[in-house]
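Values below: every heavy atom of this structure, side chains too, minus hydrogens, waters and symmetry copies.
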Amino acid sequence: MSGSPAPAARAAASPAAGDLLAELDPEQRAAADAPLGPVCILAGAGTGKTRTITHRIAHMVVDRGVGSGQILAVSFTTRAAGELRGRLRAMGVPGVQARTFHSAALRQLQHFWPAVAGGPLPRPESSKIPNMMRAAGRLRLRTDRAELRDLTAEVEWAKASLVAPGDYARMAAASGRETAMPAEVIARLYAAYEEVKREAGVVDMEDLLLLTAAMIEEHGFVATEVRARYRHLVVDEYQDVNALQQRVLEAWLGERDSLCVVGDPHQTIYSFAGATPRYLLDFPRRYPDAALVRLVRDYRSTPQVVGLANRLVQAAPGTRLVAAAPDGPPPVWLECDSEADEAAAVASRIRTLIARGTPASRIAVLYRINAQSEAYEAEIGAAGIAYLVRGGEKFFARTEVVAALRLLRAALRSADTDRPDGLADTVADILGALNWRADRPSAGSGAEREQWENLAALHRLATDLAARSPQADLTEFVAELGDRVTHEHQPTVEGVTLSTLHAAKGLEWDAVFLVGLADGTLPLVHAKTAEQIAEERRLLYVGVTRARTHLILSWALARADGRRSRRPSRFLDDLRPVRRGLGPTADGRGGAGSAGTKGAVGAKGQRGAAGGTGAGDGPSRGRSAVRCRVCGRALTGAQARVGRCDGCSGDVDGALYERLRAWRAATARELRMPVFVIFTDATLQAIAECRPGSVAELVQLPGIGQVKLDRYGQAVLDLVAGRTPPATPARGLP
């Protein structure tokens with residue numbers, strides 16, 4: 001393959017290669033030692049993909065004679081790129097360009113654009129919102145802030161998918177996009193947004209990638225120089241690549257094939273933004289000679305967590321994770337009466353974990369949408385526990401951190417030599433000017449504790465650097481901080497992390513609380529197609545695999561203290577332990593007293609932490625297996641409720657299906673709400689297939705919870721029986 005070293009060179013490198021790769025497991029070693037041609041690494045969660053690709057890069061430089069400056073490693077977050085650079089420096093391999101797609105593109109544009117365009121590069125703008133507001137104003141569109149965010153996200157999807165304004169309506173329809181406004185209106189808004197940008201002389205993040213690809217494709221001297229500089233490419237999280245990023249990658253590569261991609265199809269969670277695992281899954285077809293390696297040994301999580309993750313995605317043989325960590329506690333299942341009770345129960349368990357020795361920084365609360373964080377911020381803060389919300393103010397922009405950086409740089413310039421010995425003590429002495437002391441304060445406001453934690457994070461960075469390099473001094477420390485500021489690579493701050501599931505990708509904690517696991521929240525109510533539901537399941541998989549030891553999954557049966565009408569997420573149906581005839585237990589232990597009772601948790605009498613079968617109970621659970629009515633195969637979960645395998649053709653009563661659709665349309669008009677809010681097409685199809693004759697049969701179908709059963713159940717049963725349904729129910733939320 002192109003770029004492969006000669007046999008003699010490989011033989012000469014073997015002893016060093018053995019030393020460098022000796023600490024890797026067999027699969028990691030196979031990936032790190034694969035030839036310089038195309039390599040595809042399918043790396044499951046916790047299998048050491050960063051370790052593998054850093055050792056591969058180091059092996060290329062140390063043992064194969066590749067110049068470190070000839071390697072471009074691309075990731076999706078500044079944190080991941082910073083981790084790559086840090087690990088490579090620690091291995092004695094500085095100089096490798098580890099960047100995000102946008103950072104690499106901007107660097108190349110800044111270098112080549114004056115020669116290509118005869119003028120300076122237009123100013124990049126990180127936010128589209130101001131120009132989207134101007135574009136909406138030109139079209140006299142009235143939008144609130146939430147609608148504007150949705151419209152901006154739709155334009156981002158179009159640009160990431162290489163869809164021009166004129167093609168938007170057609171492509172949005174073909175992709176099944178659900179939009180806040182008619183597709184034709186969004187297409188006009190998209191075109192107006194592009195005009196506003198051009199007039200202002202600015203570009204957005206997608207423009208950086210598009211201009212880079214076009215510059216390389218259209219100017220031979222640019223292509224020659226870029227490809228001569230970066231002869232070997234490594235792409236992390238390749239399952240998240242979109243069409244625009246793939247175009248840039250192909251421009252960088254040209255006709256060469258020294259490309260190593262790493263990814264996990266089970267962690268594809270950005271399809272809504274244009275990402276697709278197609279490029280990862282099709283890699284062996286595009287490169288028939290590629291080396292394909294699977295990493296399946298999970299070093300992060302206990303067998304209990306790994307087993308649950310495998311069951312969640314129904315991993316096929318050969319793709320299942322294999323736990324390498326020792327046994328741990330079983331997952332805990334918390335069913336609570338209300339969301340307030342759930343937040344209080346979580347805060348209580350966090351307090352217990354911290355009291356038993358788990359640092360707050362190794363605990364995370366993960367939820368589906370940002371709006372869920374408020375209750376947990378209130379309860380955790382009231383418990384006197386420090387926390388930080390991912391996606392909030394950037395670490396290096398915080399007032400006390402800015403002041404600390406200023407003092408550290410001033411100390412570096414100062415001629416004062418009367419400082420303590422050792423880097424960590426020197427930094428502590430400098431931070432003392434901000435009234436920081438190494439002893440954690442036992443009192444003070446939440447803001448004061450947060451400021452102390454932020455400065456303590458800087459001190460820990462100095463301690464870590466001194467441990468890695470005992471001779472490191474203030475000059476080296478300030479240089480590392482400068483690199484972190486440039487690439488937004490923030491340190492770990494001591495406090496419980498609150499984060500959306502999307503923002504938690506790539507991170508890990510000793511204890512993870514997955515909260516709000518109720519149908520309508522996960523999967524989100526807007527997820528209706530099979531593809532969207534599958535992505536929501538993968539999102540939960542990402543959350544599960546963030547946990548090293550403790551995994552707690554919780555849900556509430558009511559939003560407040562009202563009627564308990566919600567049910568646990570359908571994704572939990574096949575995961576919770578089942579007691580014969582009783583259904584899944586709420587605490588995951590299945591012992592005496594764990595089903596049918598409610599236990600008290602925390603200091604406020606919140607209920608639901610110890611037991612209760614919850615809304616997942618049904619008359620058929622724990623009894624004889626449900627079998628596919630087409631092929632006879634035993635079924636579980638959603639397939640059991642529908643009564644057939646996904647691969648078997650359904651026996652749909654077409655006339656009944658049309659009656660159901662007509663009734664739904666009339667009901668939606670009467671209640672002035674979208675038809676899918678009443679029942680989705682998938683639920684109507686399931687009804688037309690199974691033709692339920694009773695409430696017990698109806699409630700087993702997907703998409704029919706207690707509230708919809710109360711509101712529409714009789715009408716559905718009448719339609720199935722050929723009777724005229726009762727009058728439209730009173731208007732209200734279904």
Side-chain angles (χ1 to χ4, degrees), residues 1-24 27-41 43 48-75 80-101 103-105 107-108 111 216 222-238 248-263 283 287 289-293 295 483 487:
M1 294 183 187
S2 65
S4 298
R10 286 183 56 83
S14 295
D19 293 340
L20 184 61
L21 306 182
E23 59 191 41
L24 303 181
E27 295 81 16
Q28 292 172 344
R29 183 185 179 107
D33 197 31
L36 292 181
V39 178
C40 180
I41 305 172
K49 67 179 180 65
T50 304
R51 176 188 182 87
T52 301
I53 58 177
T54 50
H55 277 73
R56 175 174 175 79
I57 291 171
H59 179 40
M60 291 166 62
V61 174
V62 174
D63 302 316
R64 290 178 167 169
V66 174
S68 60
Q70 295 178 336
I71 301 172
L72 175 60
V74 187
S75 189
E83 184 177 359
L84 277 174
R85 287 192 302 274
R87 290 198 189 192
L88 288 168
R89 278 198 303 267
M91 297 173 73
V93 187
V96 173
Q97 290 295 308
R99 296 180 173 273
T100 64
F101 270 97
S103 172
R107 184 182 175 91
Q108 292 172 22
H111 179 75
I216 297 172
V222 176
T224 299
E225 188 171 338
V226 169
R227 293 166 187 168
R229 171 68 187 275
Y230 300 120
R231 300 185 180 186
H232 310 278
L233 298 177
V234 178
V235 184
D236 192 12
E237 304 286 3
Y238 193 50
V248 174
L249 180 59
E250 290 171 357
W252 285 336
L253 270 173
E255 298 300 318
R256 300 165 305 157
D257 66 355
S258 187
L259 170 65
C260 174
V261 299
V262 189
F283 194 87
Y287 297 96
D289 296 329
L292 176 63
V293 183
L295 305 184
D483 182 75
H487 298 97

Next item on the list: Could you go through the side chain to side chain contact (heavy atoms under 4.5 Å, CB included) check for Leu259 and Leu249 one step at a time?
Entry: CA-CA 10 Å; Leu259 170 65; Leu249 180 59; 4.2 Å; yes
Checklist line | Worked check of side chain to side chain contact (heavy atoms under 4.5 Å, CB included) between Leu88 and Ile57 | finding: CA-CA 8 Å; Leu88 288 168; Ile57 291 171; 3.9 Å; yes
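At distances below 3.5 Å, at least one donor-acceptor pair connects side-chain atoms of Arg256 with backbone N or O atoms of Arg227. Counting only distance, with no hydrogens or angles, the side chain of Arg229 and the backbone of Gly69 share a donor-acceptor pair below 3.5 Å. A donor-acceptor pair under 3.5 Å is absent between the side-chain atoms of Arg89 and the main chain of Pro94, judged by distance alone. Between the side chain of Ser103 and the backbone N or O of Thr100, no donor-acceptor pair lies under 3.5 Å.
The side-chain hydrogen bond (donor to acceptor under 3.5 Å, both in side chains) with Asp33 is formed by just one residue from the set His59, Arg56, Gln28; it is His59.
Residues Leu21 and His55 meet the side-chain proximity criterion, which asks for heavy atoms closer than 4.5 Å. You'll find the side chain of Arg85 stays beyond 4.5 Å of the side chain of Val96, heavy atoms only. Taking 4.5 Å as the limit, every side-chain heavy atom of Tyr287 sits out of range of all side-chain heavy atoms of Val39.
A distance of 11.5 Å separates CZ of Arg51 from CG of Leu295, quoted to the nearest 0.5 Å. Of the inter-residue distances, the one linking Ile71 atom CD1 with Tyr230 atom OH reads 11.5 Å to the nearest 0.5 angstrom. A distance of 11.5 Å separates CG in Leu72 from NE2 in His232, rounded to the nearest 0.5 Å. Rounded to the nearest 0.5 angstrom, Leu36 CG and Asp257 CG are separated by 9.5 Å. Note that the CD atom of Gln97 and the CD atom of Gln70 stand 12.5 Å from one another [nearest 0.5 Å]. How far CG of Leu292 is from CD1 of Ile41: 10.0 Å, rounded to the nearest 0.5 Å.
Scanning both residues, Ala251 and Ile216, for their nearest heavy atoms gives O-CG2, 3.5 Å. Residues Leu84 and Ala98 come closest through the heavy atom pair CB-CB, 4.0 Å. Nearest heavy-atom pair across Ala105 and Trp252 is N-CZ2, 4.5 Å. Ala80 and Ser75 get closest at one heavy-atom pair: CB-OG, 3.2 Å.
Taking the side chain to side chain donor-acceptor pair (under 3.5 Å) definition, one finds that Arg231 meets it with nothing, sequence neighbours left out.
Taking the six-membered ring where tryptophan is involved, the planes of Tyr238 and Phe283 are perpendicular, since the angle between them exceeds 60° and thus also 30°.
Classification of Glu83 and Arg87 as a salt-bridged pair holds, one side-chain N sitting under 4.0 Å from a carboxylate O.
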